[in-house]
Number of protein chains: 2
Amino acid sequence: MLSQKAKYALKAMLVLARESGRGPILIADIAQRERMPRKFLEVILLELRNQGLLQSRKGKGGGYFLARQPSQITMGEILRVVEGPLAPLPCVSKVAYRRCDECHDERTCAIRMVMKDVREATAHILDSTTLADVLKRADSTIHGRGALIYAI
Amino acid sequence: MLSQKAKYALKAMLVLARESGRGPILIADIAQRERMPRKFLEVILLELRNQGLLQSRKGKGGGYFLARQPSQITMGEILRVVEGPLAPLPCVSKVAYRRCDECHDERTCAIRMVMKDVREATAHILDSTTLADVLKRADSTIHGRGALIYAI
DNA sequence: AATAAATCTACTAAATCGATGGATTTAATA
DNA sequence: TATTAAATCCATCGATTTAGTAGATTTATT
């Protein structure tokens, strides 16, 4: 299960994607719109910024904005920043490979083979789905005249 | 990432699958063969038993054995027992569905849609891979004359 | 100078993870 | 029936992670 932090991160990034191009957005605004604790959101946004997904400006008129176009930022990138590797085992991670502690022979580890398939499948989805894709998908399923919210 | 508990569980189930049909296996044997803490393994096996994946016999000559054929027990079942739902969000879980706390409209939640795809993909793999499949796969990749171990 | 924003530092409560120790129950066998 | 060997039950524990919070500081604008 995704952590609360991950959910907040995804929601916040979607807000910033929707407002993309319209200048910096305040932490406080995002927090209020998506009903997240402001202080916690600060921590998350800072992390996303330090990993190069966001940019920020301090002082009056400041705030946060995407470091790239919504079509150039993927779900996979975001989740890796806040949740670590997508892989279910370190030994099948491409980005953060690490040998499993007491693995005798990686080539014949049966569990590894299954988990490699799992990693491949999820990474394929998450790394090929951009913020822009998600926005489009959300908009195209609007029904009735309700407000537009990226609710989890 | 899988928890240590999940890794132990998978390893233990594979040992029991390989010995399937040859009577009860001792906790202590499994623990030694796969180098896991005996007491911790007790807890795990008990849980797998209570969820119907294992059976046990007490007293002399007792031990643990699979409740079904290795071809009738899937990775998905095992992981659900020790790790909970496979789904990354409660609202996309089939086995353990739960509404997301502050979800305004599940039908238009963009994040949900992506995570539903992820769940589908991983569940498809894990629920269609049985212990028998894993054993076969491991055996078919043996190279040289090394010992056979389900190392993680 | 005043104000408004992010940023840094430091802390905390609660839950989860990864175990361990010891008593008890159950069953086989000598 | 006594002994032995096994799972089972119960209780606890230290470390880490999760999900925050408080308050001071830095940076930029007006």
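Given the structure is predicted, the values throughout are model-derived calculations rather than measurements. The basis for the numbers below is simple: all heavy atoms, side chains too, and nothing from hydrogens, waters or symmetry mates. Here is the naming used below: chain letters follow the sequence lines, and residue numbers restart at 1 for every chain.
Put simply, CD on Glu47(B) is 13 Å from C1' on dG18(C), counting in whole angstrom units. Atom C1' of nucleotide dA7(D) and atom CG of Asn50(B) are separated by 12 Å, given to the nearest angstrom. The CD-C1' distance, from Gln4(B) to dC17(C), rounds to 10 Å in whole Å. Rounded to whole angstrom, the span from the CE atom of Met36(A) across to the C1' atom of dG20(D) amounts to 14 Å. Regarding Lys58(B), its NZ atom lies at a distance of 8 Å from the P atom of dT25(C), rounded to whole Å. If you take CG of Leu41(B) and P of dA19(C), they are 11 Å apart, rounded to a whole angstrom. With rounding to whole Å, Phe65(B) atom CZ is found 15 Å from dA6(D) atom P. Leu46(A) has its CG atom 16 Å from the C1' atom of dT21(D), to the nearest Å.
Here the nucleotide nearest the side chain of Ser56(B), chosen from dA7(D), dC9(D), dC8(C), is dA7(D). Of the candidates dA7(D), dA19(D), dA19(C), the closest approach to any side-chain atom of Leu26(B) belongs to dA7(D). Of all nucleotides listed (dT3(C), dA5(D), dA19(D)), dA5(D) comes nearest to the side chain of Lys60(B). Relative to the side chain of Lys39(B), the nucleotides dC9(D), dT3(C), dG18(C) differ in distance, and dC9(D) lies closest.
In this model, the phosphate group of dA19(C) is approached by a side-chain N or O of Tyr8(B) to a distance below 4.0 Å at OP1 or OP2. Proximity of Arg38(B) to the phosphate of dA7(D): a side-chain N or O atom is located under 4.0 Å from OP1 or OP2. Contact annotation: Arg49(A) does not reach the phosphate of dC8(C) (side-chain N/O to OP1 or OP2, under 4.0 Å).
Scanning for ring pair (Phe, Tyr, Trp, His ring centres under 6.0 Å) contacts around Tyr97(A) gives an empty result, with sequence neighbours left out. Shown here are the salt bridge (Lys or Arg N to Asp or Glu O under 4.0 Å) partners of Glu19(A), two or more places apart in sequence or in another chain: Arg22(A), Arg33(A).
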task = Determine, stepwise, if the pair Asp117(B) / Arg137(A) fulfils salt bridge (Lys or Arg N to Asp or Glu O under 4.0 Å).
result = CA-CA 13 Å; Asp117(B) 290 348; Arg137(A) 206 164 161 188; 3.2 Å; yes

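Side-chain contact annotation: Ser3(B) with Glu83(B), donor-acceptor N/O pair under 3.5 Å present.
Each of Val43(A) and Gly61(A) has a nearest nucleotide on DNA chain D; the 5'-most of these lies closest to Val43(A). The residue among Ile27(A) and Pro37(B) whose nearest nucleotide of DNA chain C is located toward the 5' end is Ile27(A). Ranked by how close their nearest DNA chain D nucleotide is to the 5' end, Lys5(A) and Gly59(A) are led by Lys5(A). Between Gly63(A) and Arg57(B), the residue anchored nearer the 5' end of DNA chain C, judged by the nucleotide with its closest heavy atom, is Gly63(A).
A donor-acceptor contact shorter than 3.5 Å links the side chain of Arg68(B) to the backbone of Gln72(B).
When heavy atoms are screened at a 4.0 angstrom cut-off, Leu45(A) is found touching no nucleic acid atom at all.
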